[in-house]
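Labels below follow one simple rule: chain letters A, B, ... track the order of the sequence lines, proteins then strands, and each chain is numbered from 1. Side chains are part of it too, since the values below use all heavy atoms of this structure and drop only hydrogens, waters and symmetry mates. None of these values were measured; they are calculated from a predicted model.
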Amino acid sequence: MPLAAELSRIAGQAFAAEGLAESFGRVQIADRPDLAQFQCNGALAAAKAAKSNPRAIAEKIAARLKANALFSKVEIAGPGFLNLDLSDEALNTRTAALDIARGANTGAGKTVLIDFGGPNVAKPMHVGHLRSSIIGDCLQRLYRTNGWKVISDVHLGDWGLQMGQLISEVEIEGTAPIYFDVNFVGPYPEEPPVTMDELETLYPRASAACKADPARLEAARRATVDLQAGRPGYRALWRHFVKVSEIGLQREFGSLGVTFDLWKGESSVDALIAPMIEDLKARGLAEISEGALVVSVAKDDDKKPLPPLILVKSEGGVLYGTTDLATIIERVREQDPDLILYVVDHRQHGHFEQVFRAAAKAGLSGKAQLEHVGYGTMNGADGKPFKTRAGGVMKLQDLIAMATAEAQKRLAEQNIGADWSAEERAEIARKVGIATIKFADLSHMRTTDYIFDLERFSTFEGKTGPYLQYAAVRIQSMLRRAREQGFAVGTPAIHSPEERRLILQLLSLEDALGAAEDKRAPNMLCEFAFELAQNFSRFYSEHHVLSESDAALRAARLGLCALVLAVLTRILALLGIEIPERM
RNA sequence: GCACCCGUAGCUCAGCUGGAUAGAGCGCUGCCCUCCGAAGGCAGAGGCCAGGGGUUCGAAUCCCUUCGGGUGCGCCA
């Protein structure tokens, strides 16, 4: 059980014994570490509810807590705060029993499906895709740690208008006429008619043409309808687009270390759409409005009615709201999740509100709770969506290459690893570069926009990914030396304020994992890791370990170092950050 | 127009299920490598938590309001 929860239960029992609600016993890590390790503010709340004197209540609770040998200090401060310290013995015992492999255990027997609202086929991944990949990946690791069964789905955008735009563009360019020949009966060529690079230029061209020319847009819409209706040549061409794209995307996600259980897309539920629509029509939930088939999702208490979810456009095509709805049906059928998280840009909040309401109205979501885990956009220094200096969209690969080059430069400057192989140096630089990017992204609160400052991607000091890696590498190096010298690694024990502080934090690991899940907030994990590294650095600069002559003390300290390393490694793994052997 | 998000140190950001003296990183000023890795540690300066009102014993946090910024509002994703 997490330490704070254990203490809350003890305090809760004390409140209950006084005839007060057990929930007043909530114990938290103290806001004022200089005054106490833990605090309980329940007496104040209880007094408010019972209209009595908070100090008097606090006195009674304190008297009961003092009887418990766990506490080395129980004090009443100010209007009725209970300040609590645990005895070093109690802390040492819990440290020895700490199982760092265990998470917050919030997900026993539960399944969560994480939808990454994946990139669109044919569009190269740019820095805008960074957040969904990195945040979603962190969440899937966190939920797994906390005992959930996790199924992640990249959920590619492979079924909408952009597919029709591509098809129509290829038709006009005339580079692959066979797919447009209605008399051709197949089979279609195995070789894709376009390369990844060609695809990447094809889409912007098609998109621009449709924007400029209504006739082109109309053609793209028709192509979309025909594709969705199953026209063989279009399907064959579309399959090539998806395949070519997937190979590129797998490489991109691979370089970020992001993996998915499912590589599905909007098209995956194609077969479910017609029956779903029939069902919704039959139950009177879908209706024709302005030529389109819609599900009305406005509620009486909407100040301004939420627009309906459009299932079928007036010219016959379906939209991503349609596929999202059908995907819910598929997921309930196949995975029956307790929770579905959509890790998608917060600008799509309105869309998900529509989809969720429609799903609730039609009773499609089973036991699943649907939640849009929105995130803010990444802006440039000017506060507008991030662009390169030339004004273009920055590709993810370019960003990674830049961060890696910075790391490489730093290694050279510090004259580190001059005698290591070029391969190892490159590998270290890669890990450091990725850590820089991921930590910068994850350490911001998920919901707000943030400024993506290239300068900050080239600095490795302070609250950064490399700082955390450095802290871990330093411990690794120390433990290596200890092994070489044959030193024993013992059980951690408190011998100084620095060690006490470190151990208190280590014991709050489960609480941190639980809180981060609860808020779906990777930045809380970043905070935890940074504080841990900082607490360790303070300890490290204050106390010598290897040169400690008292063998028992040295062993205890080595044990503490090993534990810190294990926890740090674990948190960094949740953030998707790898630690080099040396750096 | 309506809705949602945001406004905290010079800069970039935490803190928001109300609690005691509002934190961190960068930058700035000073210290600390004859000893385990200085990508480090320590200390200092720097804030009417956008403004105003309210609820409360107690507000950066909750409610109302004004101002300022961002985003979204039927056939794109």
Regarding Asn535(A) and Gln505(A), do their side chains bring together a donor and an acceptor under 3.5 Å, going by distance alone?
yes
Using whole Å, report how far CZ of Phe460(A) lies from P of A38(B).
18 Å
Among U56(B), A39(B), U12(B), which nucleotide has an atom closest to any side-chain atom of Lys48(A)?
U56(B)
Can you tell me the pairing partner of C13(B) across any strand shown, Watson-Crick or G-U wobble, with both distances under 3.5 angstrom?
G23(B)
Residue pair Tyr467(A) / Gln534(A), side-chain heavy-atom distance below 4.5 Å:
yes
Would you kindly say whether Tyr470(A) and Glu461(A) are connected by a side-chain donor-acceptor distance under 3.5 Å?
no
Output yes when at least one side-chain N/O atom of Asn523(A) is less than 4.0 Å from OP1 or OP2 of G15(B), else no.
yes
Could you check whether Arg481(A) gets within reach of a base, just the sugar-phosphate, or nothing at all, counting any heavy atom under 4.0 Å?
sugar-phosphate
At what distance, to the nearest 0.5 angstrom, does CD1 of Ile416(A) lie from CZ of Arg582(A)?
11.0 Å
Which of the following nucleotides, A14(B), G37(B), G41(B), is nearest to the side chain of Tyr467(A)?
G41(B)
If you pin Thr447(A) and Tyr450(A) to their nearest nucleotides in RNA chain B, which one's is more 5'?
Thr447(A)
Identify whether any heavy atom of Asn535(A) sits under 4.0 Å from a base atom; if not, whether one sits that close to sugar-phosphate; answer base, sugar-phosphate or nothing.
nothing
Is the glycosidic angle of C4(B) within 90° of 0, making it syn, or outside that range, making it anti?
anti
Report yes or no: is there a donor-acceptor pair, N or O only, under 3.5 Å between the side chain of Ser537(A) and the base of G40(B)?
no
Checking all strands, does Arg26(A) fall into the base, sugar-phosphate, or nothing category for heavy-atom contacts under 4.0 angstrom?
base
Mark up nucleotides 24-35 of chain B, 5' to 3', with B wherever a protein heavy atom is under 4.0 angstrom from a base atom, S wherever such an atom reaches only the sugar-phosphate, and - elsewhere.
SSS--------B
Inspect the surroundings of CD in Glu581(A) and state if more than 12 heavy atoms from other residues, nucleotides or ligands are less than 6.0 Å away.
no
Quick tally for nucleotides 69-77 of chain B: nucleotides whose base has a protein heavy atom under 4.0 Å get B, sugar-phosphate-only ones S, the rest -, giving -SSSBBBSB
The side chain of His444(A) lies closest to which of these nucleotides: G37(B), C13(B), A39(B)?
C13(B)
Side chains of Phe536(A) and Arg501(A): does their closest heavy-atom pair fall under 4.5 Å?
no
